[in-house]
Protein chains: 2
Amino acid sequence: MGFMEGLAQVAGLLADRTRAAFCGALLDGRAWTARELAVHAGVAASTASEHLTRLVEGGLLVEHRQGRHRYVALAGPHVAELLESMAAFAGPDARPRSLRASSASEAMARGRTCYDHLAGQLGITLKSGLVGLGVVTAELAVTEPGMVWLKELGFEPSQRQVSRACLDWTERVPHLAGAAGAHLCRVFFERGWVRRIGSGRAVVLAPAGEQAWRELGIV
Amino acid sequence: MGFMEGLAQVAGLLADRTRAAFCGALLDGRAWTARELAVHAGVAASTASEHLTRLVEGGLLVEHRQGRHRYVALAGPHVAELLESMAAFAGPDARPRSLRASSASEAMARGRTCYDHLAGQLGITLKSGLVGLGVVTAELAVTEPGMVWLKELGFEPSQRQVSRACLDWTERVPHLAGAAGAHLCRVFFERGWVRRIGSGRAVVLAPAGEQAWRELGIV
DNA sequence: GGGACGCTTCGGTGCGGGCCGAAGCGTCCC
DNA sequence: GGGACGCTTCGGCCCGCACCGAAGCGTCCC
């Protein structure tokens, strides 16, 4: 009965409270950084690092290194399904939580902040609009006229890299990060064009924002 | 995220090689004794006893005490489904093994030995026939004419209890055990009326047995 | 370049638990 | 009753591992 050893192995990955808490947090479909998960589970960063390595090697999680960050996410829907079935077995209270999590996940996919810039479908919309306006190239490099456009919105070049590509985890395409992306995000918040919803990182484009983006030619 | 603790708990039950081997053996749907499982997994009887207690308390197994034996079986189809999904995740070789197990289980359900007597559908058929012949009552007590009938088949009363009811795990009804049941089973084997199939406890009624049972009025 | 930050590696600690053998108890056979 | 058998409890051993803090490395900001 050798095939039960594999079962014991994957069960062992989920048998730890901390690792289970990681997976539960990741059930929303987003990618979390190692530190976020460590804080969430209440363990030291070093402990979380080791747990994540085991979960990734076990095939439950996939990771994505970006700068000094380590993003992790569930390896796919099959992992989410496995967790769902086990949680369903463990307790009858899994259903309402799952509903809340999925609705929160949808809001997050529509729009969220990624550290200091916009991500999600909203971030992709912004990027597409900027590319269409010629502010940035398809590779997210700021053009000459793009810099003028940015300065009209109060952007001041600093020593920080003007633009960077940030891989969007839910959309699987890069969006605008760097100084320009951070500045735009800050301006959008200051002017009330975007606002946070819920308790997390989810954001939504306000009616005033929709009109302003149309006037700017973003949408 | 309190509901993930329950998940970690049930995962912990399956995270051990020995306990996983127990569950894998029980996936055939039969009830196993503690000793059988201990031998199967290669651990001491004391170790198996503790594991079984944990699995029963965790709700994965149900137990049934019968005399000095402790029968355990999966708590239900939902447990089997959980194990199937976890095994499917763990490895791609789960499917053929599952098939083998289920076919072996079918053979076992059709007929098997229960220590020294017949069980499964074959055991139920025998019991029904004996009741119809008036050899035993519906409560499996041997009647006066039944004792004569048994002696014609070579049965000799001993100090051992003549008849006992043994709960059939696959059929959920009692069948004939005790000295009479053991004697009949031995006679059937000696005369080639039943024979073993496969490597386990599965047995089948041979053609000669079918004819003999008809002549005796059992079927 | 300097400083902040996120992550990883490495010792070291402590607890949990899997395992066994021995002893004891209840059941069954003769 | 005597003996065999199955199971359980108990004590003890030991391995695994979850955890932390300190140190080091790479990245990012200014």
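We name chains A, B, ... by the order of the sequence lines, and we start the count at 1 in each one.
Remark: C1' of C:dG17 and CD of B:Glu57 are 15 Å apart, rounded to the nearest angstrom. Between the OH atom of B:Tyr71 and the P atom of D:dT8 there is a distance of 14 Å, given to the nearest Å. The interatomic distance linking B:Arg35 (CZ) with C:dG26 (P) rounds to 19 Å, in whole Å. At whole-Å resolution of the value, CD in B:Gln66 and P in C:dC28 are 9 Å apart. Atom P of nucleotide C:dG17 and atom CG of B:Leu13 are separated by 11 Å, given to the nearest angstrom. Nucleotide D:dT8 holds its P atom 12 Å from the CG atom of B:Leu37, rounded to whole Å. Distance NE2 (B:His69) to P (C:dC29): 9 Å, rounded to an integer number of Å. The CG-P distance, from B:Leu55 to D:dC7, rounds to 15 Å in whole Å.
Proximity of a side-chain donor or acceptor of B:Thr33 to a complementary backbone N or O of B:His69 within less than 3.5 Å is not detected. With hydrogens and angles ignored, the 3.5 Å screen pairs a side-chain donor or acceptor of B:Arg19 with a backbone N or O of B:Gly12.
Under the 4.5 Å side-chain criterion, counting only non-hydrogen atoms from C-beta, B:Thr53 is not in contact with B:Glu50. B:Met86 is listed as a side-chain neighbour of B:Leu14, based on a closest heavy-atom distance under 4.5 Å. No side-chain heavy atom of B:Val72 sits under 4.5 Å from any side-chain heavy atom of B:Leu55. Residues A:Leu130 and A:Leu184 form a side-chain contact, since some pair of their non-hydrogen atoms from C-beta on lies under 4.5 Å apart. Side-chain contact check for A:His51 versus A:Asp16: some heavy-atom pair is nearer than 4.5 Å.
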Original post:
Which nucleotides of nucleotides 11-23 of chain D have their base under 4.0 Å from a protein heavy atom (B), which only their sugar-phosphate (S), and which neither (-), written as one string 5' to 3'?
Top reply: -------SSBB--
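Residue side chain A:Arg68 does not reach the base of C:dC7 through any donor-acceptor N/O pair under 3.5 Å, judged by distance alone.
Taking a 6.0 Å sphere around CD of A:Glu144, one finds it holds 12 or fewer heavy atoms contributed by other residues, nucleotides or ligands.
Residue A:Arg70 places no side-chain N or O under 4.0 Å from the OP1 or OP2 atom of C:dG6.
End-to-end axis angle of the helix from C:dG1-D:dC30 to C:dC30-D:dG1, using five pairs per end and rounding to 10°, comes to 40°.
Across all non-hydrogen atoms, the minimal contact from A:Met4 to B:Ala20 is CE-O, 3.2 Å.
Sequence order on DNA chain D of the closest nucleotides to A:Gly67 and B:Ser49 puts B:Ser49 first from the 5' end.
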